[in-house]
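Single-structure report; data block below.
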Amino acid sequence: MSKKLTLIGSFVLLLGAGLFAANYLRGLDVAVLNPHGLIAHKERSLMITITLLMLIVVIPVFGLTFFIAWKYREHNTAAAYTPDWDRNRLIEAAWWGVPLVLLSIISVMTWQSSQALDPFKPLASGNPPITIQVVALQWKWLFIYPEQHIATINYVQFPQNTPVNFQITSDAPMNSFWIPQLGGQVYAMAGMSTQLHLMADGSGSYRGSSANLSGEGFAGMNFMAKSTTRGDFDSWAQTVKRTAPKLTMAEYAKLALPSQNNVAASYSSQPSGLYDTIVTKYMPSSQPMAGITTSQAAHE
């Protein structure tokens with residue numbers, strides 16, 4: 001009776017610990033588990049599905065580990081000695097077959113989701129998309145709106161239920177652009193232009209960050225992403241154009257210098273083709289941008 005009670009008690013304890021952990025995680029505001037975008041919802045479903053599939057193997061393994069350690073403990077003389085289990089075909093088929101089937105399922109899911117969630121793949125929507133160009137600096141984010149002819153630092157705003165085509169590069173060490181509640185991260189690299197298509201499913205403010213170690217100011221390289229109605233977005237863009245200072249090449253040269261914990265700022269205009277100029281400045285035949293000295297370009 002005592003052995004049965006011990007096993008039942010152990011099972012209840014493990015079940016209680018699992019329920020406590022699940023309830024605790026529900027109370028936490030984990031960004032990737034609290035999605036507010038089309039891509040983020042699909043990524044969360046994928047993570048949960050694959051985790052549950054892996055638990056089919058993980059739970060029995062841990063359960064058998066504790067069971068075998070208890071059953072074949074030193075003082076349990078009643079435990080039968082069965083050294084020939086390694087030749088049991090049924091057991092061999094189970095511990096090789098089940099993981100093989102799960103790996104096959106996960107492989108198919110990974111291939112399908114890699115195609116469906118390709119960050120370069122435009123999103124279908126009844127609303128026309130907007131383009132926002134992203135430049136990773138030390139240690140701040142520059143957002144360029146080529147259609148609205150404005151720019152911002154450490155703050156990005158866009159309409160809800162509207163595909164956003166982020167074009168991403170770096171004018172500093174390699175970095176990674178990430179808004180966890182809207183989708184996955186994409187690397188920002190000097191001399192290259194990558195893409196990320198996201199869409200928020202409602203109004204809200206979401207924390208964005210650098211997801212790649214990039215030096216001393218990495219911890220403060222955060223930004224705020226805000227989705228609003230189309231009307232509010234257009235009104236905000238017009239207000240920035242009327243009231244904010246211009247982003248000149250001389251001002252950009254100052255922005256490109258390393259600085260930490262920069263506050264959000266807005267600019268009413270930006271030099272034509274600034275994003276393309278930043279990308280091509282690292283090409284072998286490119287010349288330093290106007291307003292940036294050769295020594296500054298070499299430093300960056």
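The backbone N or O of S214 sits less than 3.5 Å from a side-chain atom of W139, completing a donor-acceptor pair. In this structure, K140 contributes its side chain and Q138 its backbone to a donor-acceptor pair below 3.5 Å. One N or O on the side chain of Q181 and one on the backbone of N34 form a donor-acceptor pair closer than 3.5 Å. Between the side chain of T162 and the backbone N or O of Q160 there is at least one donor-acceptor pair closer than 3.5 Å. Under a 3.5 Å cut-off, the side chain of T49 and the backbone N or O of L46 do not form any donor-acceptor pair. Side-chain atoms of D171 never come within 3.5 Å of backbone atoms of A190 as a donor-acceptor pair (strictly under, hydrogens ignored). Looking at S235, its side chain never comes within 3.5 Å of a backbone N or O of G231 through a donor-acceptor pair.
Contact record, G202 with N161: N-OD1, 4.3 Å, taken as the closest heavy-atom pair. Closest non-hydrogen pair, K121 versus A116, comes out as CD-O, 4.0 Å. When all heavy atoms are compared, the tightest approach of I39 to G183 is CG2-CA, 4.2 Å. Of all the heavy atoms in S268 and A244, the pair that sits closest is OG-O, 2.9 Å. Counting all heavy atoms, side chain and backbone alike, T194 lies closest to V186 at OG1-CG1, 3.4 Å. R230 approaches Q148 most closely through the heavy-atom pair NH2-NE2, 4.5 Å.
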> How far apart are the C-alpha atoms of T229 and D232, what are their side-chain angles, what is the distance that settles it, and do they pass the side chain to side chain donor-acceptor pair (under 3.5 Å) test?
Replying inline: CA-CA 5 Å; T229 63; D232 287 344; 3.2 Å; yes

> Does the side-chain contact (heavy atoms from CB on, under 4.5 Å) test come out yes or no for Y252 and T248, once each step is laid out?
Replying inline: CA-CA 6 Å; Y252 177 77; T248 62; over 6 Å; no

>> With side-chain contact (heavy atoms from CB on, under 4.5 Å) as the criterion, how do M199 and V164 come out once you've worked through the C-alpha distance, each side chain's angles and the decisive distance to 0.1 Å?
In response: CA-CA 6 Å; M199 182 165 60; V164 183; over 6 Å; no

> Given the rule in the side-chain contact (heavy atoms from CB on, under 4.5 Å) test, do L137 and M221 qualify, once you have shown the distances and angles that lead to the verdict?
Replying inline: CA-CA 9 Å; L137 301 172; M221 195 173 173; 5.9 Å; no

>> If you apply the rule side-chain contact (heavy atoms from CB on, under 4.5 Å), what do you find for L255 with L247, and how did you get there?
In response: CA-CA 10 Å; L255 285 176; L247 178 61; 3.7 Å; yes

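Interatomic distance, CE of M54 versus CG of L103, reported as 10.0 Å (0.5 Å rounding). A distance of 14.0 Å separates OH in Y155 from CD1 in I153, rounded to the nearest 0.5 Å. The CD1 atom of I91 sits 14.5 Å away from atom CH2 of W96, with the distance rounded to the nearest 0.5 Å. Atoms CD1 and CZ, from I150 and R242 in turn, are 11.5 Å apart once rounded to the nearest 0.5 Å. From L182, atom CG reaches atom CD of E43 across 10.0 Å, with rounding to the nearest 0.5 Å. Atom OG of S203 sits about 13.0 Å away from atom CZ of F233, to the nearest 0.5 Å.
Neither L64 nor I56 shares a network with the other; the hydrophobic side chains, linked directly or stepwise wherever heavy atoms of I, L, V, M, F, W or Y lie under 4.5 Å apart, form separate groups for each. Cluster membership check: I50 does not share its hydrophobic cluster with V108, using side-chain heavy-atom separations under 4.5 Å among Ile, Leu, Val, Met, Phe, Trp and Tyr. Side-chain heavy atoms closer than 4.5 Å link hydrophobic residues (I, L, V, M, F, W, Y) into clusters, and following such links, possibly through other members, connects I144 to M249. Criterion: ILVMFWY side-chain heavy atoms under 4.5 Å apart, direct or through other members. Under it, I168 and M174 are not part of a common hydrophobic cluster. Transitive grouping of hydrophobic side chains (ILVMFWY, heavy atoms separated by less than 4.5 Å) keeps M47 and L117 in distinct clusters.
Residue-environment remark: CD (E216) stays at or below the threshold of 12 foreign heavy atoms within 6.0 Å. Applying the 6.0 Å contact sphere to CE of M192 captures no more than 12 heavy atoms from other residues, nucleotides or ligands.
You'll find the side chain of L196 reaches within 4.5 Å of the side chain of L198, heavy atoms only. By the 4.5 Å heavy-atom criterion applied to side chains, F143 and Q133 are not counted as neighbours. Looking only at side-chain heavy atoms (C-beta outward), H197 and D118 stay at 4.5 Å or farther from each other. Counting heavy atoms from C-beta on, the side chains of N165 and I130 never come closer than 4.5 Å. Using a 4.5 Å cut-off on side-chain heavy atoms (C-beta onward), F62 and V58 make contact. Side-chain contact between V134 and F223: absent, with no pair of heavy atoms (C-beta onward) separated by less than 4.5 Å. With contacts defined as side-chain heavy-atom distances shorter than 4.5 Å, the pair I278/T169 qualifies. Between N154 and V263, every side-chain heavy-atom pair lies at or beyond the 4.5 Å cut-off.
When F166, W141, Y206 are each tested for a side-chain contact (heavy atoms from CB on, under 4.5 Å) with V156, only one passes: F166.
Between F177 and Y187, the ring centre distance reaches or exceeds 6.0 Å.
For the residue pair N262 / S259, a side-chain donor-acceptor distance below 3.5 Å is found, with atom types taken as modelled. In the model, D201 has a side-chain atom that pairs as donor or acceptor with a side-chain atom of H41 under 3.5 Å. Defined by atom type and a distance below 3.5 Å, a donor-acceptor pair is missing between the side-chain atoms of S170 and N175. The closest side-chain donor-acceptor pair between S269 and K241, if any, does not fall under 3.5 angstrom. Using a 3.5 Å distance cut-off with no hydrogens or angles, the side chains of E147 and Y145 do not pair a donor with an acceptor. Q195 and Q167 are not linked by any side-chain donor-acceptor pair at a separation below 3.5 angstrom, with hydrogens and angles left out of the test.
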